[in-house]
Amino acid sequence: MSEQRSTFQESAFSESDERRALRRAVSALGRRYGLEYFLAKARSGERTDELWREAGKLGFLGVNLPVEYGGGGAGSYELSIVLEELGAAGCPLLMLVVTPAICGSIIARFGTEQQRRHWLPGFSDGTLRMAFAITEPDAGSNTHRLTTVGRRTPDGWRLNGRKVFISGIEGSDAVMVVGRTEDARTGKLKPALFAVPVDAPGFEYRRIPMEIVSSEHQYQVFLDDVALPADALIGDQDTGLLQLFAGLNPERIMAAAFAVGIGRHALAKAVDYARERTVWQTPIGAHQGIAHPLAQCRIELELARLMMQKAAHLYDRGDDTGAGEAANMAKYAAGEASARAVDQAVHTLGGNGLTQEYGLAALLTASRVGRVAPVSREMILNFVAQHTLALPKSY
Ligand SMILES: Cc1cc2nc3c(=O)[nH]c(=O)nc-3n(C[C@H](O)[C@H](O)[C@H](O)COP(=O)(O)OP(=O)(O)OC[C@H]3O[C@@H](n4cnc5c(N)ncnc54)[C@H](O)[C@@H]3O)c2cc1C
């Protein structure tokens with residue numbers, strides 16, 4: 001009986017040796033760079049290219065992509081390990097959510113052979129980067145209101161529209177733009193994804209000043225009559241909606257990994273500090289007013305991580321529907337846990353929590369990203385209310 005139980009625990013709740021080895025290797029890379037490097041780059045307006053390239057060389061960036069296109073042949077679980085561990089080491093690279101997770105998954109599943117061969121090896125080794133643009137100024141959370149439209153021309157496509165809050169266009173070669181095209185039969189507009197080179201005439205972008213300390217910035221995007229070749233359309237015109245859904249689960253799993261990583265980093269710093277800092281007779285960590293909130297943060301991060309791993313497991317097994325619910329719940333839980341962990345960590349350090357030397361205050365805004373993007377917590381609550389609980393829709 002006890003033997004059976006331990007076998008079950010080993011297979012269901014312990015990571016394999018390979019996954020643990022990946023975790024250790026990524027963590028070692030992240031710690032060689034660390035939060036000081038990450039913040040110094042952000043504050044001096046430089047990019048974190050050397051870390052991205054090194055992660056690519058080590059095979060971490062494309063760990064989820066197919067082996068035949070230079071990837072590691074593993075899944076979103078492994079990619080979430082990469083982002084979580086880099087974040088826990090102080091280097092939360094937001095573009096890992098975008099290039100390998102969203103764009104890589106969509107192109108691997110729906111791209112033409114030529115698109116796969118063109119993009120995936122470069123995503124894997126870090127030599128090509130792609131941003132992802134769905135959010136529009138007047139559509140916000142309501143993607144049914146997207147107004148970016150691609151119209152057919154004799155040579156390909158003309159794309160017009162506006163996007164906002166698009167991450168990481170600097171340093172990207174192209175942007176995967178979610179637009180709409182006219183259905184030849186019904187005349188109705190339906191989703192379609194286009195790979196738009198950042199130097200295409202008519203494609204312009206302007207940085208949005210954000211209060212997030214990161215080298216990966218957000219941009220407004222203007223697409224004015226951007227002429228694209230026929231093969232800029234990802235996959236074919238009939239699979240746009242499926243493509244979009246294929247990108248959403250890895251996006252949410254990775255948004256959870258981003259949040260869990262930041263939360264872990266902040267919590268570890270706070271715990272180290274609370275063990276040492278003594279202002280009365282005992283270290284401050286002995287006071288339950290300090291210890292209990294930190295223990296609570298640990299529990300919440302651990303729970304969020306468990307749900308993230310469940311979502312990744314389901315997605316990698318091909319259960320898109322099951323993964324959808326779990327990925328939404330994981331993103332919600334991780335966003336909340338991360339924001340609370342960073343807030344509590346800042347508080348634990350007293351005045352030092354607000355200094356540049358300790359770097360924790362710089363994570364306050366980054367830790368809130370998980371509550372808003374890629375989908376806000378209210379929209380996840382709407383999803384769970386309607387799909388999981390079958391409650392009526394209010395909007
Ligand atoms: C740092 C950062 C990076 C980002 N990167 C990208 C990117 O790379 N690519 C990209 O396409 N987008 C990106 N985004 C955009 C992000 O996905 C959006 O900000 C998000 O989807 C919310 O849209 P919105 O900002 O327009 O908010 P709105 O839709 O205007 O919502 C505002 C508030 O109203 C609430 N709300 C809206 N509708 C409802 C409802 N029906 N019920 C209850 N509450 C509701 C929301 O929850 C939110 O709190 C990024 C955003 C940030 C902050």
Side-chain angles (χ1 to χ4, degrees), residues 26-27 29-48 51-52 80 82-98 165 167-168 208-218 254-275 277 290 293-302 304-305 308 330-374 376-377:
V26 177
S27 176
L29 172 70
R31 279 184 280 113
R32 268 204 286 117
Y33 287 86
L35 186 68
E36 249 176 60
Y37 158 86
F38 187 82
L39 295 181
K41 286 280 177 183
R43 290 195 167 114
S44 63
E46 291 172 63
R47 295 208 305 263
T48 49
L51 172 55
W52 187 267
S80 76
V82 174
L83 181 50
E84 185 194 327
E85 290 303 329
L86 285 178
C91 304
L93 296 183
L94 188 62
M95 286 308 281
L96 271 162
V97 180
V98 180
F165 294 125
S167 298
I208 304 171
M210 304 284 281
E211 295 285 5
I212 302 172
V213 190
S214 170
S215 301
E216 296 163 310
H217 303 128
Q218 280 66 48
M254 290 296 280
F258 178 84
V260 169
I262 290 178
R264 276 180 53 198
H265 181 86
L267 181 61
K269 273 209 169 133
V271 168
D272 282 351
Y273 193 89
R275 282 197 192 113
R277 173 75 173 158
I290 290 291
L294 294 177
Q296 231 170 339
C297 289
R298 172 60 194 253
I299 292 168
E300 288 170 5
L301 284 169
E302 199 66 30
R305 181 155 82 144
M308 169 182 88
K331 210 288 307 190
Y332 177 93
E336 295 303 304
S338 175
R340 275 198 290 269
V342 174
D343 183 65
Q344 192 57 41
V346 167
H347 190 68
T348 302
L349 269 68
N352 278 332
L354 298 171
T355 59
Q356 287 206 346
E357 184 190 346
Y358 284 88
L360 281 177
L363 296 178
L364 280 168
T365 42
S367 70
R368 294 194 63 96
V369 172
R371 279 183 169 161
V372 177
S376 71
R377 62 177 167 176

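In this structure, K269 NZ and N352 CG are separated by 11.5 Å, a value rounded to the nearest 0.5 Å. To the nearest 0.5 Å, the span separating CD on Q344 from CZ on R298 amounts to 15.5 Å. Of the inter-residue distances, the one linking R264 atom CZ with L301 atom CG reads 9.0 Å to the nearest 0.5 angstrom. Note: H347 NE2 to L360 CG = 13.5 Å, rounded to the nearest 0.5 Å. Distance OG/S215 to CG/L94: 11.0 Å, rounded to 0.5 Å. To the nearest 0.5 Å, atom CD of residue Q356 and atom CZ of residue R43 are 4.0 Å apart.
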Check step by step if side chain to side chain contact (heavy atoms under 4.5 Å, CB included) holds for L363 and L35. CA-CA 10 Å; L363 296 178; L35 186 68; 4.1 Å; yes
Is there a side-chain hydrogen bond (donor to acceptor under 3.5 Å, both in side chains) between S167 and Q218? Walk through the geometry before answering. CA-CA 4 Å; S167 298; Q218 280 66 48; 2.9 Å; yes
Could you give me the CA-CA distance, side-chain angles and deciding distance for E300 and E336, then say whether side chain to side chain contact (heavy atoms under 4.5 Å, CB included) is met? CA-CA 8 Å; E300 288 170 5; E336 295 303 304; over 6 Å; no
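Across all their heavy atoms, V342 and S367 have their closest contact at CG2-CB, 3.5 Å. Considering all non-hydrogen atoms of both residues, A270 and L294 come closest at CB-CD2, 3.9 Å. Of all heavy-atom pairs spanning A266 and A345, the tightest one is O-CB, 3.4 Å. Taking every heavy atom of both residues into account, A339 and R371 meet most closely at CB-CZ, 3.7 Å. Among all heavy-atom pairs drawn from L93 and L83, the shortest one is O-CD1, 3.4 Å. Contact between A362 and T365 at its shortest, heavy atoms only, is O-OG1, 4.1 Å.
Take E216 and apply the salt bridge (Lys or Arg N to Asp or Glu O under 4.0 Å) test, not counting sequence neighbours, and it matches no residue.
By the 4.5 Å heavy-atom criterion applied to side chains, P92 and F38 are counted as neighbours. Taking 4.5 Å as the limit, some side-chain heavy atom of W52 sits within range of a side-chain heavy atom of L96. Residues R47 and K41 fail the side-chain proximity criterion, which asks for heavy atoms closer than 4.5 Å. At least one side-chain heavy atom of L51 sits under 4.5 Å from a side-chain heavy atom of L29. Side-chain contact between T48 and C91 is absent, with no heavy atoms from C-beta onward closer than 4.5 Å. Proximity of M95 to V98: side-chain heavy atoms (C-beta onward) are separated by under 4.5 Å at one or more points. At least one side-chain heavy atom of E84 sits under 4.5 Å from a side-chain heavy atom of R305. Here the side chains of S80 and M308 are in contact, with some heavy-atom distance below 4.5 Å.
Within 6.0 Å of the CZ atom in R368, the count of heavy atoms belonging to other residues, nucleotides or ligands does not exceed 12. Within 6.0 Å of CD in E46 there are more than 12 heavy atoms belonging to other residues, nucleotides or ligands.
Screening residues 342-364 for salt bridge (Lys or Arg N to Asp or Glu O under 4.0 Å), with sequence neighbours left out, gives no hits.
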